[in-house]
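Notes to accompany the following structure.
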Amino acid sequence: MASAGSGDEKAATVTLISSDNEHFEVPEAVATLSQTIRHMIEDGCTDGGVPLPNVTGRILAKVLEYCNKHAAASDKDELEKFDKAFVDIDDQATLFDLVMAANYLDIRGMLDLTCQTIADMIKGKSVEEIRETFNIKNDFTPEEEAEIRRENQWAFDD
Amino acid sequence: MKCPCDPDSMAEASGDARMVPARAPSEACRINALPSHVLTRAISFLDARQLVRTCVLSLQWRDLWRSVPRINASREEFDGMPGTWVEQNVLFKKFFNRFLMLRNPTPLDEFNLCYGVRDSEDSTDRDYVAESEDANLWIGHALHCNARSVKVSATEWEAKLHPDPVVFASKCFLTSLELTRVVLFAGFFKNLQMGCTLLERLKLYDCPICDAEVSSQTLKLFTVDTGCFPHREQASISIPSLVDFGYFSGERIPPLLTNLGSLETATVSIGTYAYDTPLSDICQFLRGLSNVTHLDLSYEGPKLEVQANFQWCPKFNNLTTLTLGEWCLCADFYALIVFLQNSPNLMKLILEIRKNPETHEKFIGELEERYFTCEHLKIVEIICPENWEDDPMLNDLVKFLVGNGISSDHIEIKNWRDLYSQQYNHPLELLQI
């Protein structure tokens, strides 16, 4: 693995190892979008690669797609377009995997983006619709639920 | 501010939720399995009323809303409610006051308020001030809760908000303030300086400034957009800490830049289509920006003819990146050449062509000498509409640049469509610029 400041023409890279043992060699400038990885590089513990036991290869590939694009710091409009397409995902499981990865790797922009997407899935929906979308089990007793609705009548429709 | 439809009906979801992922398999409830700080972050993007309603989803959700460190209060959430506009406003106020009372005293990161003040026929400034009282309390509350970022806007098509400047006078942790359609009474900047001692970022959109001087010792980024200097007397701007300045307020006479000693980046638009901006004022404005390293300059005024070699462009000795529109190409590239002659250390030139400079005549003058020396100019990007790549004017432009020592390898012509669909394969190549 090349190290920075050695006078090489090739920029410094770091190897990321997914939970299913896929190896990704990534330029440091891209990998350091993750504060977690940035700290590890600064602390000098990236020799031999960085194991990421909480992230599968499939998800890590997507995370790196995000990091590659954002590290290039291109035009703001272009980044917006990219972000919109990035979270246009068909299955919820992938979206939540990305949220968890963004949290674990501490990638602020990606965390905000995926969290905003979850919020957008809640917006405009009734309580019942939200439960259905996310499989939230209603564990209130009917009396409990009625009480909460009464307590918070000021926020619900008259 | 987004406007969710009435949540308790089978209404269509708001525009941003147009993609609805398939329902998760029957066992998984991924959302409840999120770490609580992550779940809180996700719901912090919801508007206040929708946020409170999550309390009924399940036991786990019961009190989540109370600790969310961001508040999005939008009067538009009450647009669908029964009653007149004024009655809806009353409902919003009652709701929001209650919301603030019942919230936990967790420090606030961000406070976003979109509020409405009715434009009545009988309007005096005093009415608007009275009607903006609630906004004063809410903003004050947010600042007392340590909000770092505050955005306040008045709903479109209604009157502007008229808050009391004293709201900003007590010590707070505010670092970023964005105001839209808010009147800034005299004393605003003095109060801001007294209380918001950590303020680094200020963005104003359609906010009439009543102070004669805009001053700050802490701001690093300042943007004024649309109608912020409505008064006849020329205002002045003195912000010695400012690094990034955006000016597209569209006045005939731009403000006087008296002290922008730390300025590095300026994105400015001078002139307005309706009135002539005197060349001397343009000259003075540019002089105020002459230390920057990055300049994006657009001229929006009517046709302007420069008389007899008037030196309107100062020396930009630190300028390394310059972005100009097609206005600089009129009259045989007049303004472009003047800039190049005054930017000896230029490294990157971007020309954004949207209209035909021959039919949209703007900045016109004559030059005795048409040559320039920019030893370090190694990147020239010309962005134009599709099918213009073979336009004779563009060919002349390239010839002219090459004739002044720019290698044709360093000149790239792109069109707008390609620019927006470009996929970068090797990000490092870009980083090397």
Side-chain angles (χ1 to χ4, degrees), chain A residues 11 27 29-30 67-75 77-78 81 87-97 99-100 102-103 111-112 114-127 129-140 144-145 148-149 151-152 154-158, chain B residues 2 4-14 16-17 19-35 37-39 41-62 81-82 94-95 98-99 419-420 422 424 427-428 430-431:
Chain A
V30 172
C67 293
N68 268 324
K69 188 70 179 181
H70 279 253
S74 9
D75 181 68
D77 288 331
E78 204 185 326
K81 254 183 143 179
V87 287
D88 195 354
I89 307 170
D90 274 339
D91 76 297
Q92 250 187 57
T94 304
L95 177 62
F96 281 102
D97 286 339
V99 175
M100 295 297 283
N103 178 49
L111 185 60
D112 276 339
T114 47
C115 279
Q116 169 87 68
T117 306
I118 295 176
D120 289 343
M121 288 161 68
I122 296 176
K123 276 194 186 135
K125 291 199 168 81
S126 70
V127 168
E129 285 166 335
I130 300 171
R131 284 194 191 124
E132 200 180 301
T133 303
F134 295 104
N135 258 343
I136 301 174
K137 184 162 179 289
N138 181 1
D139 48 4
F140 289 121
E144 280 171 341
E145 181 170 343
I148 295 170
R149 279 187 186 260
E151 257 175 34
N152 296 295
W154 54 281
F156 287 89
D157 269 340
D158 308 288
Chain B
K2 310 260 172 15
C5 308
D6 184 12
D8 262 322
S9 68
M10 288 291 285
E12 64 275 12
S14 70
D16 280 38
M19 56 93 216
V20 180
R23 209 178 318 158
S26 36
E27 305 312 320
C29 177
R30 297 290 302 268
I31 201 172
N32 281 12
L34 289 175
H37 68 277
V38 176
L39 181 52
R41 183 184 284 254
I43 60 178
S44 76
F45 289 103
L46 296 174
D47 285 336
R49 193 152 153 261
Q50 174 104 70
L51 175 64
V52 177
R53 289 167 185 236
T54 62
C55 66
V56 133
L57 286 171
S58 79
L59 266 169
Q60 177 182 346
W61 288 77
R62 182 172 182 158
M81 301 285 282
K94 274 171 94 163
F95 161 79
R98 191 120 200 188
F99 177 90
L419 193 70
Y420 284 120
Q422 215 160 31
Y424 296 109
L428 266 189
L430 246 74
L431 288 173

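Per chain, numbering begins at 1; letters A, B, ... match sequence-line order.
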Start with the C-alpha distance between A:D112 and B:R41, add both sets of side-chain angles, then the distance that settles side-chain contact (heavy atoms from CB on, under 4.5 Å), and finish with yes or no. CA-CA 8 Å; A:D112 276 339; B:R41 183 184 284 254; 2.7 Å; yes
Which heavy-atom pair separates A:C115 from B:A42 by the least distance, and what is that distance?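 Taking A:C115 first and B:A42 second, the nearest heavy atoms are CB-CA, 3.7 Å.
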Structural part of A:N103 lying under 4.5 Å from a heavy atom of chain B: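 The side chain, not the backbone.
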Answer with side chain, backbone, both or neither: which region of A:I136 has an atom nearer than 4.5 Å to a non-hydrogen atom of chain B?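 Both parts, backbone and side chain.
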Please rank B:L46, B:T54, B:I43 by heavy-atom pairs under 4.5 Å with chain A and give me the top one.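 Of the candidates given, the most pairs with chain A belong to B:L46.
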Return the set of residues passing side chain to side chain contact (heavy atoms under 4.5 Å, CB included) with A:D97 (not counting sequence neighbours), or none when no residue passes.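 A:D97 satisfies side chain to side chain contact (heavy atoms under 4.5 Å, CB included) with A:R58, A:I59, B:R30 once adjacent residues are dropped.
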Run the side chain to side chain contact (heavy atoms under 4.5 Å, CB included) test against A:E145 and tell me which residues pass, sequence neighbours left out.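 A:E145 satisfies side chain to side chain contact (heavy atoms under 4.5 Å, CB included) with A:R131, A:N138, A:F140, A:R149, B:V56 only.
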With the side chain counted from C-beta on, respond yes when A:E151 and B:R62 share a heavy-atom pair under 4.5 Å apart, and no when they do not.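 Yes, at least one pair of side-chain atoms sits under 4.5 Å.
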For a 4.5 angstrom cut-off between non-hydrogen side-chain atoms, does B:F45 reach A:I118?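 SC-SC contact between B:F45 and A:I118 ruled out.
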Nearest 0.5 Å please: distance from the [atom1] atom of [X] over to the [atom2] atom of [Y].
X	Y	atom1	atom2	answer
B:I31	A:N135	CD1	CG	11.0 Å
B:L59	A:I148	CG	CD1	7.0 Å
B:L34	A:F96	CG	CZ	5.5 Å
A:I130	B:W61	CD1	CH2	7.5 Å

Contact class of B:L57 relative to chain A, heavy atoms under 4.5 angstrom: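 It is both, since atoms from each part get that close.
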Keeping A:Q92 on the side-chain end and B:C29 on the backbone end, is there a donor-acceptor pair under 3.5 Å?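 It does not hold such a pair.
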Looking at A:D139, A:T114, A:T94, which makes the most heavy-atom pairs under 4.5 Å with chain B?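 Going by pairs under 4.5 Å, I would pick A:D139.
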